[in-house]
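In what follows, every chain begins at residue 1, and chains take the letters A, B, ... in the order their sequences are listed.
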Amino acid sequence: MTDRVRFAPSPTGYLHVGSARTALFNWLHARATRGTYVLRIEDTDAERNRPELTRALLDELEWLGLDWDEGPHFQSERRDRHREVVEDLLDRGLAYLCDADNAEVAGTSLVDGLAVRFRMPDDRTVAFDDVVRGNVSFDTADLEDFVVWRSNGTPMFLLANAVDDADMGITHAIRGEDLLSGVPKVLLLLDAIGAPRPTYAHLPLLVNASRQKLSKRRDDVAMADFRERGYLPEAMVNYLALLGWGPPDDIEVRPLEEIVELFRIEDVNKAAAFFDLRKLEHVNASHLRGLDKATFVERVQPWLDEAPWAPEAFDAGVFDRMVDLVQEKLRTLADVVRFVDFLFLEEPADDPESWQKVMVDGPSAAEVLDGAAAALAGCPWESEAVKDAVAEVGEALDLRLGKAQAPVRVAVTGRTVGPPLFEAMAECMERDEVLRRIARARARL
RNA sequence: GCCCCCAUCGUCCAGCGGCCUAGGACGCCGGCCUUUCACGCCGGUAACACGGGUUCGAAUCCCGUUGGGGGUGCCA
(Lines give C-alpha, C1' and ligand atoms only; values in the text may rest on other atoms or scores of the structure.)
Protein backbone atom coordinates (compact mmCIF):
# COMPACT_ATOMS: atom_id res chain seq x y z
CA MET A 1 0.00 0.00 0.00
CA THR A 2 1.29 3.45 -0.84
CA ASP A 3 1.41 6.31 1.58
CA ARG A 4 -1.55 8.61 1.89
CA VAL A 5 -0.99 12.00 3.42
CA ARG A 6 -3.27 14.98 3.81
CA PHE A 7 -3.08 18.70 4.29
CA ALA A 8 -6.04 19.65 6.44
CA PRO A 9 -6.22 23.41 6.86
CA SER A 10 -8.91 25.33 8.60
CA PRO A 11 -10.24 27.95 6.21
CA THR A 12 -9.22 31.23 7.78
CA GLY A 13 -9.35 33.21 4.57
CA TYR A 14 -5.64 33.23 3.84
CA LEU A 15 -2.78 30.76 3.63
CA HIS A 16 -0.39 31.12 6.55
CA VAL A 17 3.27 30.53 5.65
CA GLY A 18 3.44 27.89 8.38
CA SER A 19 0.50 26.10 6.81
CA ALA A 20 2.11 26.43 3.42
CA ARG A 21 5.21 24.74 4.80
CA THR A 22 3.05 21.93 6.19
CA ALA A 23 1.28 21.58 2.86
CA LEU A 24 4.63 21.52 1.08
CA PHE A 25 6.10 18.80 3.27
CA ASN A 26 3.01 16.66 2.85
CA TRP A 27 3.15 17.23 -0.89
CA LEU A 28 6.87 16.42 -0.98
CA HIS A 29 6.37 13.22 0.96
CA ALA A 30 3.59 12.14 -1.36
CA ARG A 31 5.59 12.94 -4.49
CA ALA A 32 8.81 11.46 -3.11
CA THR A 33 7.10 8.19 -2.19
CA ARG A 34 4.70 8.16 -5.14
CA GLY A 35 1.91 8.30 -2.65
CA THR A 36 -1.34 10.24 -2.55
CA TYR A 37 -1.76 13.80 -1.34
CA VAL A 38 -5.25 14.51 -0.07
CA LEU A 39 -6.65 17.97 0.61
CA ARG A 40 -9.25 18.26 3.34
CA ILE A 41 -10.86 21.43 4.56
CA GLU A 42 -11.51 21.39 8.29
CA ASP A 43 -14.51 23.62 8.53
CA THR A 44 -16.31 22.06 11.45
CA ASP A 45 -16.55 25.45 13.07
CA ALA A 46 -19.62 27.07 11.49
CA GLU A 47 -17.90 30.44 11.15
CA ARG A 48 -15.29 28.93 8.90
CA ASN A 49 -17.68 27.11 6.68
CA ARG A 50 -17.74 29.79 3.98
CA PRO A 51 -16.77 29.14 0.35
CA GLU A 52 -14.79 32.34 -0.14
CA LEU A 53 -12.49 31.49 2.76
CA THR A 54 -11.67 28.14 1.22
CA ARG A 55 -11.29 29.70 -2.23
CA ALA A 56 -8.54 32.00 -0.92
CA LEU A 57 -6.71 28.98 0.47
CA LEU A 58 -6.94 27.01 -2.75
CA ASP A 59 -5.77 29.99 -4.80
CA GLU A 60 -2.54 30.21 -2.83
CA LEU A 61 -1.91 26.47 -2.93
CA GLU A 62 -2.38 26.51 -6.68
CA TRP A 63 -0.07 29.50 -7.00
CA LEU A 64 2.61 27.57 -5.13
CA GLY A 65 2.10 24.63 -7.44
CA LEU A 66 1.13 22.22 -4.68
CA ASP A 67 -1.47 20.26 -6.58
CA TRP A 68 -3.51 17.68 -4.73
CA ASP A 69 -4.50 14.21 -5.87
CA GLU A 70 -7.74 13.95 -4.00
CA GLY A 71 -10.28 16.38 -2.63
CA PRO A 72 -10.84 18.90 -1.40
CA HIS A 73 -13.00 17.01 1.04
CA PHE A 74 -15.06 19.13 3.36
CA GLN A 75 -15.39 18.13 6.95
CA SER A 76 -18.71 19.96 7.15
CA GLU A 77 -20.15 17.46 4.66
CA ARG A 78 -19.30 14.54 6.88
CA ARG A 79 -21.44 15.63 9.79
CA ASP A 80 -23.61 12.51 9.73
CA ARG A 81 -20.62 10.19 9.94
CA HIS A 82 -19.23 12.18 12.85
CA ARG A 83 -22.57 12.05 14.58
CA GLU A 84 -22.73 8.31 14.09
CA VAL A 85 -19.35 7.87 15.77
CA VAL A 86 -20.30 10.07 18.68
CA GLU A 87 -23.59 8.20 19.15
CA ASP A 88 -21.64 4.99 19.22
CA LEU A 89 -19.20 6.33 21.79
CA LEU A 90 -22.13 7.48 23.91
CA ASP A 91 -23.89 4.19 23.54
CA ARG A 92 -20.83 2.29 24.68
CA GLY A 93 -20.26 4.56 27.66
CA LEU A 94 -16.95 5.82 26.34
CA ALA A 95 -18.36 9.34 26.23
CA TYR A 96 -21.06 11.17 28.14
CA LEU A 97 -23.48 14.03 27.74
CA CYS A 98 -22.71 17.25 29.55
CA ASP A 99 -24.35 20.62 30.05
CA ALA A 100 -22.99 24.13 29.73
CA ASP A 101 -21.42 23.90 33.19
CA ASN A 102 -19.62 20.73 32.19
CA ALA A 103 -21.77 18.67 34.52
CA GLU A 104 -22.43 15.12 33.38
CA VAL A 105 -25.98 14.41 32.28
CA ALA A 106 -27.31 10.87 32.15
CA GLY A 107 -28.23 9.46 28.74
CA THR A 108 -26.85 7.29 25.98
CA SER A 109 -27.78 9.21 22.89
CA LEU A 110 -27.38 12.72 21.56
CA VAL A 111 -29.61 15.42 23.05
CA ASP A 112 -30.09 18.85 21.50
CA GLY A 113 -28.35 21.52 23.49
CA LEU A 114 -25.98 19.15 25.24
CA ALA A 115 -22.34 18.56 24.43
CA VAL A 116 -20.56 15.22 24.55
CA ARG A 117 -17.28 14.55 26.31
CA PHE A 118 -14.94 11.67 25.79
CA ARG A 119 -14.21 9.86 29.03
CA MET A 120 -10.47 9.85 29.69
CA PRO A 121 -9.31 6.48 30.95
CA ASP A 122 -7.43 6.40 34.28
CA ASP A 123 -3.69 6.03 34.50
CA ARG A 124 -2.76 4.81 31.09
CA THR A 125 0.30 5.66 29.14
CA VAL A 126 -0.34 6.62 25.55
CA ALA A 127 2.82 6.43 23.48
CA PHE A 128 3.67 6.63 19.80
CA ASP A 129 6.68 6.88 17.54
CA ASP A 130 6.86 10.18 15.79
CA VAL A 131 8.89 10.12 12.57
CA VAL A 132 10.73 13.29 13.48
CA ARG A 133 10.56 13.31 17.25
CA GLY A 134 10.98 9.67 18.11
CA ASN A 135 9.06 8.13 20.97
CA VAL A 136 6.63 10.48 22.66
CA SER A 137 4.43 9.49 25.56
CA PHE A 138 1.69 10.97 27.67
CA ASP A 139 -0.05 9.81 30.82
CA THR A 140 -3.82 9.96 30.70
CA ALA A 141 -3.80 11.13 34.32
CA ASP A 142 -2.59 14.47 32.97
CA LEU A 143 -5.37 14.70 30.43
CA GLU A 144 -8.95 15.73 30.95
CA ASP A 145 -12.19 14.54 29.45
CA PHE A 146 -12.60 16.51 26.27
CA VAL A 147 -15.52 17.66 24.19
CA VAL A 148 -16.09 15.72 20.99
CA TRP A 149 -19.51 17.10 20.08
CA ARG A 150 -20.73 20.63 20.62
CA SER A 151 -24.08 21.49 22.13
CA ASN A 152 -24.92 23.20 18.83
CA GLY A 153 -24.81 19.85 17.07
CA THR A 154 -21.39 20.04 15.41
CA PRO A 155 -18.32 17.84 15.90
CA MET A 156 -15.14 19.10 17.49
CA PHE A 157 -11.88 19.22 15.58
CA LEU A 158 -10.23 16.29 17.37
CA LEU A 159 -13.13 13.98 16.69
CA ALA A 160 -13.62 14.98 13.08
CA ASN A 161 -9.90 14.84 12.49
CA ALA A 162 -9.55 11.34 13.90
CA VAL A 163 -12.58 9.97 12.11
CA ASP A 164 -11.68 11.54 8.78
CA ASP A 165 -8.09 10.36 8.89
CA ALA A 166 -9.35 6.86 9.61
CA ASP A 167 -12.07 6.90 6.95
CA MET A 168 -9.78 8.38 4.33
CA GLY A 169 -7.08 5.83 4.98
CA ILE A 170 -4.47 8.41 5.91
CA THR A 171 -1.22 6.59 6.68
CA HIS A 172 0.94 9.58 7.64
CA ALA A 173 -0.15 12.67 9.51
CA ILE A 174 2.49 15.32 8.77
CA ARG A 175 1.77 18.58 10.56
CA GLY A 176 2.98 21.29 12.89
CA GLU A 177 4.43 20.65 16.30
CA ASP A 178 1.73 22.78 17.87
CA LEU A 179 -0.57 19.82 17.38
CA LEU A 180 1.69 17.36 19.18
CA SER A 181 -0.05 17.50 22.53
CA GLY A 182 -3.36 16.65 20.94
CA VAL A 183 -2.12 13.30 19.69
CA PRO A 184 -2.92 11.19 22.76
CA LYS A 185 -6.57 12.25 22.61
CA VAL A 186 -6.79 11.38 18.93
CA LEU A 187 -5.09 8.05 19.57
CA LEU A 188 -7.57 7.19 22.30
CA LEU A 189 -10.40 8.10 19.97
CA LEU A 190 -8.95 5.99 17.20
CA ASP A 191 -8.52 3.06 19.57
CA ALA A 192 -12.09 3.51 20.75
CA ILE A 193 -13.52 3.27 17.24
CA GLY A 194 -11.18 0.45 16.34
CA ALA A 195 -9.33 2.36 13.64
CA PRO A 196 -5.64 1.97 12.89
CA ARG A 197 -3.30 4.72 14.01
CA PRO A 198 -1.57 6.76 11.33
CA THR A 199 2.14 7.43 11.59
CA TYR A 200 2.79 10.92 12.88
CA ALA A 201 5.48 13.36 11.83
CA HIS A 202 5.45 16.65 13.69
CA LEU A 203 7.31 19.39 11.89
CA PRO A 204 9.29 22.01 13.79
CA LEU A 205 7.47 25.29 14.15
CA LEU A 206 8.30 28.36 12.08
CA VAL A 207 9.16 31.18 14.45
CA ASN A 208 9.80 34.92 14.38
CA ALA A 209 12.89 36.80 15.57
CA SER A 210 11.85 36.36 19.19
CA ARG A 211 11.48 32.64 18.58
CA GLN A 212 7.75 32.50 18.95
CA LYS A 213 5.34 30.75 16.69
CA LEU A 214 4.56 32.93 13.67
CA SER A 215 1.28 34.60 14.30
CA LYS A 216 -1.08 36.60 12.14
CA ARG A 217 -1.14 39.47 14.59
CA ARG A 218 2.52 40.35 14.88
CA ASP A 219 4.17 38.72 11.88
CA ASP A 220 3.94 38.75 8.11
CA VAL A 221 2.36 35.41 7.47
CA ALA A 222 -0.10 35.65 4.59
CA MET A 223 1.18 33.93 1.47
CA ALA A 224 -0.79 36.37 -0.67
CA ASP A 225 1.28 39.21 0.73
CA PHE A 226 4.50 37.56 -0.36
CA ARG A 227 3.05 37.08 -3.78
CA GLU A 228 2.11 40.74 -3.94
CA ARG A 229 5.52 41.80 -2.78
CA GLY A 230 7.09 40.11 -5.77
CA TYR A 231 8.24 36.74 -4.56
CA LEU A 232 8.22 33.89 -7.04
CA PRO A 233 6.26 30.77 -6.09
CA GLU A 234 9.23 28.59 -6.97
CA ALA A 235 11.42 30.64 -4.62
CA MET A 236 8.82 30.57 -1.88
CA VAL A 237 8.52 26.81 -2.02
CA ASN A 238 12.30 26.39 -2.30
CA TYR A 239 12.92 28.52 0.78
CA LEU A 240 10.16 26.85 2.78
CA ALA A 241 11.70 23.45 2.04
CA LEU A 242 14.91 24.69 3.63
CA LEU A 243 13.17 25.31 6.94
CA GLY A 244 13.48 22.09 8.88
CA TRP A 245 15.18 20.21 6.10
CA GLY A 246 18.30 20.50 3.98
CA PRO A 247 19.52 18.78 0.80
CA PRO A 248 22.29 16.22 1.38
CA ASP A 249 24.50 17.83 -1.26
CA ASP A 250 24.31 21.33 0.25
CA ILE A 251 22.90 22.84 -2.92
CA GLU A 252 20.15 24.99 -1.54
CA VAL A 253 18.77 26.93 -4.47
CA ARG A 254 17.15 24.49 -6.88
CA PRO A 255 13.89 23.57 -8.56
CA LEU A 256 11.14 21.73 -6.72
CA GLU A 257 11.49 18.67 -8.96
CA GLU A 258 14.97 18.16 -7.61
CA ILE A 259 13.84 18.61 -4.04
CA VAL A 260 11.27 15.89 -4.58
CA GLU A 261 14.08 13.54 -5.53
CA LEU A 262 16.06 14.34 -2.40
CA PHE A 263 13.35 14.78 0.20
CA ARG A 264 12.83 12.25 2.97
CA ILE A 265 10.48 12.99 5.82
CA GLU A 266 12.73 11.18 8.28
CA ASP A 267 15.48 13.70 7.59
CA VAL A 268 13.42 16.56 8.93
CA ASN A 269 14.94 18.03 12.05
CA LYS A 270 13.29 18.90 15.33
CA ALA A 271 14.33 22.42 16.23
CA ALA A 272 12.11 25.40 15.45
CA ALA A 273 13.22 27.47 12.45
CA PHE A 274 13.36 31.24 12.13
CA PHE A 275 11.63 32.55 9.03
CA ASP A 276 14.43 34.69 7.64
CA LEU A 277 13.29 37.25 5.10
CA ARG A 278 16.87 38.03 4.08
CA LYS A 279 17.50 34.52 2.99
CA LEU A 280 14.13 34.33 1.27
CA GLU A 281 15.20 37.40 -0.72
CA HIS A 282 18.42 35.71 -1.69
CA VAL A 283 16.61 32.59 -2.84
CA ASN A 284 14.11 34.73 -4.70
CA ALA A 285 16.83 36.76 -6.43
CA SER A 286 18.54 33.55 -7.49
CA HIS A 287 15.39 32.15 -9.06
CA LEU A 288 14.69 35.51 -10.67
CA ARG A 289 18.09 35.52 -12.36
CA GLY A 290 17.53 32.00 -13.60
CA LEU A 291 14.41 32.95 -15.55
CA ASP A 292 14.72 33.21 -19.32
CA LYS A 293 14.05 36.66 -20.68
CA ALA A 294 10.56 36.03 -21.99
CA THR A 295 9.45 34.49 -18.71
CA PHE A 296 11.00 37.27 -16.72
CA VAL A 297 9.16 39.90 -18.74
CA GLU A 298 5.94 37.98 -18.30
CA ARG A 299 6.38 37.73 -14.54
CA VAL A 300 7.29 41.34 -14.12
CA GLN A 301 4.42 42.63 -16.24
CA PRO A 302 1.88 43.02 -13.42
CA TRP A 303 4.25 45.36 -11.61
CA LEU A 304 4.84 47.42 -14.73
CA ASP A 305 1.09 47.69 -15.15
CA GLU A 306 0.70 49.05 -11.65
CA ALA A 307 3.69 51.39 -11.82
CA PRO A 308 3.38 55.09 -10.96
CA TRP A 309 4.05 56.42 -14.46
CA ALA A 310 1.34 57.32 -16.95
CA PRO A 311 0.42 54.16 -18.90
CA GLU A 312 1.10 55.84 -22.25
CA ALA A 313 4.56 56.88 -21.06
CA PHE A 314 5.69 53.28 -20.94
CA ASP A 315 7.75 52.21 -23.92
CA ALA A 316 8.06 48.47 -24.33
CA GLY A 317 10.96 48.91 -26.69
CA VAL A 318 12.90 50.92 -24.15
CA PHE A 319 12.11 48.42 -21.44
CA ASP A 320 13.22 45.60 -23.67
CA ARG A 321 16.60 47.24 -24.10
CA MET A 322 17.02 47.38 -20.33
CA VAL A 323 15.68 43.99 -19.33
CA ASP A 324 18.92 42.04 -19.16
CA LEU A 325 20.65 44.77 -17.21
CA VAL A 326 17.80 44.89 -14.72
CA GLN A 327 16.95 41.25 -14.26
CA GLU A 328 20.19 40.26 -12.61
CA LYS A 329 19.89 42.90 -9.94
CA LEU A 330 16.36 42.50 -8.70
CA ARG A 331 15.58 40.74 -5.46
CA THR A 332 11.83 40.84 -5.94
CA LEU A 333 9.63 41.46 -8.95
CA ALA A 334 8.37 44.59 -7.27
CA ASP A 335 11.86 46.09 -7.41
CA VAL A 336 11.59 46.47 -11.16
CA VAL A 337 9.72 49.73 -10.81
CA ARG A 338 12.50 51.42 -8.89
CA PHE A 339 14.99 50.34 -11.50
CA VAL A 340 13.32 51.73 -14.57
CA ASP A 341 10.91 54.40 -13.40
CA PHE A 342 13.23 57.24 -14.45
CA LEU A 343 12.79 56.17 -18.03
CA PHE A 344 9.04 56.63 -18.00
CA LEU A 345 8.45 59.33 -15.43
CA GLU A 346 8.42 63.01 -16.39
CA GLU A 347 10.11 64.07 -13.20
CA PRO A 348 11.60 61.17 -11.27
CA ALA A 349 11.61 61.96 -7.57
CA ASP A 350 14.96 62.38 -5.87
CA ASP A 351 15.69 59.74 -3.29
CA PRO A 352 16.68 61.81 -0.21
CA GLU A 353 19.39 59.40 0.90
CA SER A 354 20.97 59.29 -2.52
CA TRP A 355 20.86 63.05 -2.81
CA GLN A 356 22.51 63.50 0.57
CA LYS A 357 25.18 60.92 -0.10
CA VAL A 358 26.21 62.11 -3.53
CA MET A 359 25.11 65.71 -4.04
CA VAL A 360 25.78 66.94 -0.51
CA ASP A 361 28.42 64.68 1.02
CA GLY A 362 30.03 63.51 -2.19
CA PRO A 363 32.97 65.23 -3.94
CA SER A 364 32.61 68.00 -6.50
CA ALA A 365 28.95 67.48 -7.39
CA ALA A 366 28.58 70.96 -8.87
CA GLU A 367 31.73 70.74 -10.95
CA VAL A 368 30.81 67.30 -12.23
CA LEU A 369 27.34 68.41 -13.25
CA ASP A 370 28.66 71.53 -14.98
CA GLY A 371 31.30 69.52 -16.77
CA ALA A 372 28.85 66.81 -17.75
CA ALA A 373 26.33 69.30 -19.04
CA ALA A 374 28.94 70.78 -21.33
CA ALA A 375 30.47 67.50 -22.45
CA LEU A 376 27.20 65.69 -23.05
CA ALA A 377 25.83 68.56 -25.10
CA GLY A 378 28.34 67.90 -27.81
CA CYS A 379 29.42 64.28 -27.75
CA PRO A 380 28.00 61.58 -30.04
CA TRP A 381 24.83 60.15 -28.41
CA GLU A 382 26.15 56.65 -28.01
CA SER A 383 27.02 54.88 -24.79
CA GLU A 384 30.78 54.60 -25.25
CA ALA A 385 31.05 58.26 -26.16
CA VAL A 386 28.83 59.27 -23.27
CA LYS A 387 30.96 57.21 -20.95
CA ASP A 388 34.15 58.80 -22.25
CA ALA A 389 32.69 62.24 -21.87
CA VAL A 390 31.84 61.69 -18.22
CA ALA A 391 35.17 59.97 -17.63
CA GLU A 392 36.99 63.02 -18.96
CA VAL A 393 35.05 65.33 -16.71
CA GLY A 394 36.07 63.11 -13.82
CA GLU A 395 39.72 63.04 -14.78
CA ALA A 396 39.83 66.82 -14.81
CA LEU A 397 38.56 66.75 -11.24
CA ASP A 398 40.77 63.83 -10.24
CA LEU A 399 37.79 61.51 -9.82
CA ARG A 400 37.58 57.93 -10.93
CA LEU A 401 34.67 57.09 -13.18
CA GLY A 402 32.79 55.46 -10.35
CA LYS A 403 32.81 58.70 -8.40
CA ALA A 404 32.29 60.93 -11.39
CA GLN A 405 29.20 59.18 -12.64
CA ALA A 406 27.45 59.37 -9.28
CA PRO A 407 26.13 62.96 -9.49
CA VAL A 408 25.05 62.38 -13.07
CA ARG A 409 23.25 59.24 -12.03
CA VAL A 410 21.41 60.90 -9.18
CA ALA A 411 20.53 63.86 -11.38
CA VAL A 412 19.15 61.67 -14.15
CA THR A 413 17.61 58.75 -12.25
CA GLY A 414 17.04 60.15 -8.78
CA ARG A 415 18.98 57.33 -7.11
CA THR A 416 22.45 55.94 -6.57
CA VAL A 417 21.26 52.47 -7.45
CA GLY A 418 20.07 51.47 -10.87
CA PRO A 419 21.03 49.87 -14.17
CA PRO A 420 24.28 50.81 -15.97
CA LEU A 421 23.98 54.55 -16.52
CA PHE A 422 25.54 55.32 -19.88
CA GLU A 423 23.65 52.62 -21.71
CA ALA A 424 20.43 53.79 -20.14
CA MET A 425 21.04 57.40 -21.12
CA ALA A 426 22.36 56.86 -24.62
CA GLU A 427 20.10 54.04 -25.64
CA CYS A 428 16.89 54.89 -23.84
CA MET A 429 16.75 58.64 -23.36
CA GLU A 430 16.89 61.80 -25.46
CA ARG A 431 19.94 64.00 -25.07
CA ASP A 432 17.80 67.03 -24.28
CA GLU A 433 16.00 65.28 -21.49
CA VAL A 434 19.26 64.18 -19.90
CA LEU A 435 20.61 67.72 -20.12
CA ARG A 436 17.39 69.10 -18.67
CA ARG A 437 17.63 66.82 -15.66
CA ILE A 438 21.26 67.65 -15.09
CA ALA A 439 20.44 71.34 -15.21
CA ARG A 440 17.54 70.86 -12.86
CA ALA A 441 19.68 69.06 -10.33
CA ARG A 442 22.46 71.64 -10.69
CA ALA A 443 19.99 74.36 -9.85
CA ARG A 444 18.92 72.60 -6.71
CA LEU A 445 22.38 72.09 -5.28
C1' G B 1 0.80 25.71 37.62
C1' C B 2 0.63 21.01 34.93
C1' C B 3 1.91 18.19 30.43
C1' C B 4 4.84 17.72 26.00
C1' C B 5 8.82 19.12 22.83
C1' C B 6 13.50 21.41 21.61
C1' A B 7 18.94 22.99 22.24
C1' U B 8 25.72 23.07 16.41
C1' C B 9 28.15 30.00 13.83
C1' G B 10 23.59 36.14 14.50
C1' U B 11 20.19 32.88 11.11
C1' C B 12 18.99 28.19 8.18
C1' C B 13 20.97 23.48 7.11
C1' A B 14 25.12 19.30 7.45
C1' G B 15 27.15 16.13 11.21
C1' C B 16 23.72 10.26 13.26
C1' G B 17 30.91 7.35 18.31
C1' G B 18 36.76 8.01 15.59
C1' C B 19 37.09 11.04 8.55
C1' C B 20 35.56 17.53 13.19
C1' U B 21 41.95 21.74 14.25
C1' A B 22 33.04 21.00 13.10
C1' G B 23 31.27 21.65 6.71
C1' G B 24 27.71 24.56 3.33
C1' A B 25 24.27 28.74 2.79
C1' C B 26 22.17 33.73 4.28
C1' G B 27 23.98 37.94 6.79
C1' C B 28 28.18 40.75 8.17
C1' C B 29 33.48 42.50 7.27
C1' G B 30 37.66 43.03 3.76
C1' G B 31 39.49 42.63 -1.30
C1' C B 32 38.96 41.92 -6.64
C1' C B 33 36.07 43.16 -10.97
C1' U B 34 33.91 47.69 -12.09
C1' U B 35 29.89 52.86 -14.72
C1' U B 36 26.50 53.03 -9.13
C1' C B 37 24.55 48.42 -7.29
C1' A B 38 20.96 44.53 -4.81
C1' C B 39 25.47 40.31 -10.16
C1' G B 40 30.10 37.50 -10.01
C1' C B 41 34.89 35.95 -7.82
C1' C B 42 38.42 35.61 -3.58
C1' G B 43 39.28 35.89 1.59
C1' G B 44 37.62 36.60 6.65
C1' U B 45 34.26 36.68 11.09
C1' A B 46 31.44 33.27 13.88
C1' A B 47 28.79 27.66 17.01
C1' C B 48 28.75 22.05 19.46
C1' A B 49 24.22 26.00 26.31
C1' C B 50 26.23 24.02 31.16
C1' G B 51 27.40 19.87 34.51
C1' G B 52 27.84 14.86 35.27
C1' G B 53 28.23 10.04 33.33
C1' U B 54 28.95 5.68 29.44
C1' U B 55 33.23 4.68 26.17
C1' C B 56 39.93 3.55 24.39
C1' G B 57 37.36 7.75 22.09
C1' A B 58 31.27 12.13 22.26
C1' A B 59 28.88 17.67 18.79
C1' U B 60 27.10 12.67 18.25
C1' C B 61 24.56 7.87 23.59
C1' C B 62 22.38 8.46 28.95
C1' C B 63 21.02 11.61 33.27
C1' G B 64 20.53 16.32 35.37
C1' U B 65 20.61 21.74 35.16
C1' U B 66 19.65 26.07 32.55
C1' G B 67 17.37 28.34 28.59
C1' G B 68 13.59 28.47 24.80
C1' G B 69 9.03 26.95 22.66
C1' G B 70 4.25 24.50 22.23
C1' G B 71 -0.19 22.78 24.54
C1' U B 72 -3.57 23.12 28.37
C1' G B 73 -11.40 26.18 24.56
C1' C B 74 -18.30 23.55 23.38
C1' C B 75 -11.03 27.42 17.84
C1' A B 76 -8.39 24.48 14.39
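If you measure from atom CE of A:Met120 to atom C1' of B:U72, you get 12 Å, rounded to the nearest angstrom. Atom CG of A:Asp361 is separated from atom P of B:U36 by 19 Å (rounded to the nearest Å). We find that NZ of A:Lys216 is positioned 14 Å from C1' of B:C75, with the value rounded to whole Å. Between A:His282 atom NE2 and B:A25 atom P there is a gap of 9 Å when expressed in whole angstrom units. A:Asn208 places its CG atom 14 Å from the C1' atom of B:G70, with the value rounded to the nearest Å. Atom CD of A:Gln75 and atom P of B:A76 are 8 Å apart (whole Å). Rounding to whole angstrom units, CG of residue A:Asp249 and C1' of B:G23 are separated by 13 Å. Put simply, CG on A:Leu325 is 15 Å from P on B:C39, counting in whole angstrom units.
Which of B:C12, B:G69, B:A38 sits closest to the side chain of A:Lys329 comes down to B:A38. Side-chain proximity of A:Arg150 to the nucleotides B:A76, B:G24, B:U36 is greatest for B:A76. Side-chain proximity of A:Arg331 to the nucleotides B:A76, B:A38, B:G70 is greatest for B:A38. Checked against B:C39, B:U35, B:C12, the side chain of A:Leu243 finds its nearest nucleotide in B:C12. Among the nucleotides B:A76, B:U35, B:C28, the one closest to any side-chain atom of A:Arg278 is B:C28. Distance from the side chain of A:Ser10 is smallest to B:A76 among B:C74, B:G70, B:A76. Side-chain atoms of A:Asn102 lie closest to B:C74 of the nucleotides B:C12, B:C74, B:A76. Residue A:Lys213 has its side chain nearest to B:G70 when only B:G70, B:C39, B:C74 are considered. Taking the side chain of A:Gln212 as heavy atoms from C-beta on, and the options B:G27, B:C12, B:G70, the nearest nucleotide is B:G70.
Within the structure, every side-chain polar atom (N or O) of A:Lys279 is placed at least 4.0 Å from both OP1 and OP2 of B:C13. At B:G67, none of the side-chain N or O atoms of A:Arg211 fall inside 4.0 Å of OP1 or OP2 (strictly under the cut-off). A sub-4.0 Å separation between OP1 or OP2 of B:C13 and a side-chain N or O of A:Asn269 is present. Between B:U36 and A:Ser354, no contact under 4.0 Å exists linking OP1 or OP2 to a side-chain N or O.
The two atoms that bring A:Arg331 and A:Arg278 nearest to each other are NH2-O, 4.1 Å, heavy atoms only. For A:Leu189 against A:Ala162, the heavy-atom pair with the smallest separation is CB-CB, 4.3 Å. In this structure, A:Thr22 and A:Leu203 approach most closely via the heavy-atom pair CA-CD1, 3.9 Å. Taking all atoms of both residues into account, the shortest heavy-atom contact from A:Glu252 to A:Lys279 is OE1-NZ, 2.9 Å.
Here A:Asp341 pairs with A:Arg415 under the salt bridge (Lys or Arg N to Asp or Glu O under 4.0 Å) rule; sequence neighbours left out. Applying the salt bridge (Lys or Arg N to Asp or Glu O under 4.0 Å) criterion to A:Asp99, with sequence neighbours excluded, gives no partner residue.
Counting only distance, with no hydrogens or angles, the side chain of A:Asn208 and the backbone of A:Leu214 share no donor-acceptor pair below 3.5 Å. Between the side chain of A:Thr413 and the backbone N or O of A:Arg409 there is at least one donor-acceptor pair closer than 3.5 Å.
The base-pairing partner of B:A49, taking Watson-Crick or G-U wobble contacts with both distances under 3.5 Å, is B:U65. Pair assignment for B:A38: none, as no Watson-Crick or G-U wobble contacts are both less than 3.5 Å. B:A25: Watson-Crick or G-U partner is B:U11, with both key distances under 3.5 Å.
Counting non-hydrogen atoms under 4.0 angstrom, A:Asp130 reaches nothing in the nucleic acid. Counting non-hydrogen atoms under 4.0 angstrom, A:Arg338 reaches a base of the nucleic acid. Contact annotation for A:Ala285: no contact, since no heavy-atom pair falls under 4.0 Å across all strands. Contact annotation for A:Gly182: no contact, since no heavy-atom pair falls under 4.0 Å across all strands. Residue A:Trp245 is in sugar-phosphate contact alone, with no base atom involved, counting any heavy-atom pair closer than 4.0 Å across all strands shown. At the heavy-atom level, A:Phe157 lies under 4.0 Å from base atoms of the strands shown. Counting any heavy atom pair closer than 4.0 Å across all strands shown, A:Leu280 reaches no nucleic acid atom. The residue A:Phe146 sits apart from the nucleic acid: no heavy atom pair falls under 4.0 Å.
Within residues 367-388 of chain A, the residues that place at least one heavy atom under 4.0 Å from RNA chain B are, in residue-number order, A:Lys387. For the segment residues 410-427 of chain A, the set of residues with a heavy atom within less than 4.0 Å of an atom of RNA chain B comprises A:Thr416, A:Val417, A:Gly418, A:Pro419, A:Pro420, A:Leu421, A:Phe422, A:Glu423, in numerical order.
Aromatic ring orientation, A:His16 versus A:Tyr14: tilted (interplanar angle from 30° to 60°).
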Atom pairs, N/O to N/O, protein against nucleotides 4-7 of chain B, distance under 3.5 Å?
unit_1 : atom_1 : unit_2   : atom_2 : d
B:C5   : O2'    : A:Arg133 : NH1    : 2.6
B:C5   : O2'    : A:Glu177 : OE2    : 2.8

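Not less than 6.0 angstrom separates the ring centroid of A:Tyr96 from the ring centroid of A:Phe118. Here the two rings, on A:Tyr37 and A:Phe7, have centers that are 6.0 Å apart or farther. Ring pair A:Phe319/A:Phe296: centre-to-centre distance not below 6.0 Å.
For A:Arg444 and A:Trp355, the positive end sits near the middle of the six-membered ring, less than 6.0 Å away and at most 45° from its axis.
A:Lys403 contributes no side-chain N or O that forms a donor-acceptor pair with the base of B:U35 under 3.5 Å.
Within the structure, ring-ring contact (aromatic ring centres under 6.0 Å, His included) contacts touching residues 251-271 of chain A (residues at least two apart or in different chains) are A:Phe25-A:Phe263, A:Trp245-A:Phe263.
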